[in-house]
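What follows is one structure encoded as structure tokens, with my remarks underneath.
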Amino acid sequence: MSAYNDDLQRLRRVLGPAGPELTCEECFEQLDRHVELALAGADADAAVPGMRAHLEGCPACQEDHASLMALVAADTKSDDAP
């Protein structure tokens, strides 16, 4: 069963996402918006279609997204501190 799951994951990577996907340039342009919406509890993936699919397939943009999420979250916490 594990070999089947591995094959299925490989096939999905080769075929790409079923829905829309952003380019790296489009991802970079929308990254701030996506992070702010996500941290606000909004449905960031619905607001920026194709972002999730791109992040799942692009390690560089995924790293930028994770770094920005951590930075903005830390900044928000420091603003909330008494």
Side-chain angles (χ1 to χ4, degrees):
M1 200 69 170
S2 179
Y4 173 77
N5 289 336
D6 290 345
D7 290 343
L8 188 57
Q9 287 178 341
R10 280 190 210 102
L11 182 58
R12 285 183 179 150
R13 282 194 301 264
V14 169
L15 294 176
E21 181 180 358
L22 301 177
T23 64
C24 287
E25 184 177 332
E26 293 167 327
C27 177
F28 184 75
E29 290 172 2
Q30 295 292 325
L31 202 55
D32 292 349
R33 180 172 176 237
H34 189 271
V35 166
E36 289 173 3
L37 288 168
L39 290 175
D43 188 354
D45 293 336
V48 187
M51 177 68 82
R52 179 63 41 207
H54 182 77
L55 292 174
E56 289 174 357
C58 181
C61 289
Q62 188 177 51
E63 183 178 330
D64 286 349
H65 183 266
S67 296
L68 187 57
M69 284 283 283
L71 178 68
V72 173
D75 187 50
T76 302
K77 285 181 185 177
S78 68
D79 287 347
D80 293 339

Please determine whether the number of non-hydrogen atoms from other residues, nucleotides or ligands lying under 6.0 Å from atom CD of Gln62 exceeds 12. yes

Under the salt bridge (Lys or Arg N to Asp or Glu O under 4.0 Å) definition, can you give me all pairs with a residue in residues 23-40, not counting sequence neighbours? none

Contacts of type side-chain hydrogen bond (donor to acceptor under 3.5 Å, both in side chains), residue Asp43, not counting sequence neighbours: none

Cluster link Leu37 to Leu31, ILVMFWY, side chain under 4.5 Å: no

Give the intermediate values and the outcome of side chain to side chain contact (heavy atoms under 4.5 Å, CB included) for residues Cys58 and Cys24. CA-CA 8 Å; Cys58 181; Cys24 287; 3.7 Å; yes

For Ser67, enumerate each residue passing the side-chain hydrogen bond (donor to acceptor under 3.5 Å, both in side chains) test, keeping only those at least two apart in sequence or located in another chain. none

If you take all heavy atoms of Leu22 and His54, which pair is closest and at what distance? O-ND1, 2.8 Å

Could you tell me which non-hydrogen atom of Leu55 sits nearest to which non-hydrogen atom of Cys61, and how far apart they are? CD2-O, 3.5 Å

Which distance, rounded to the nearest 0.5 Å, do you find between the NE2 of His34 and the CG of Leu39? 10.5 Å

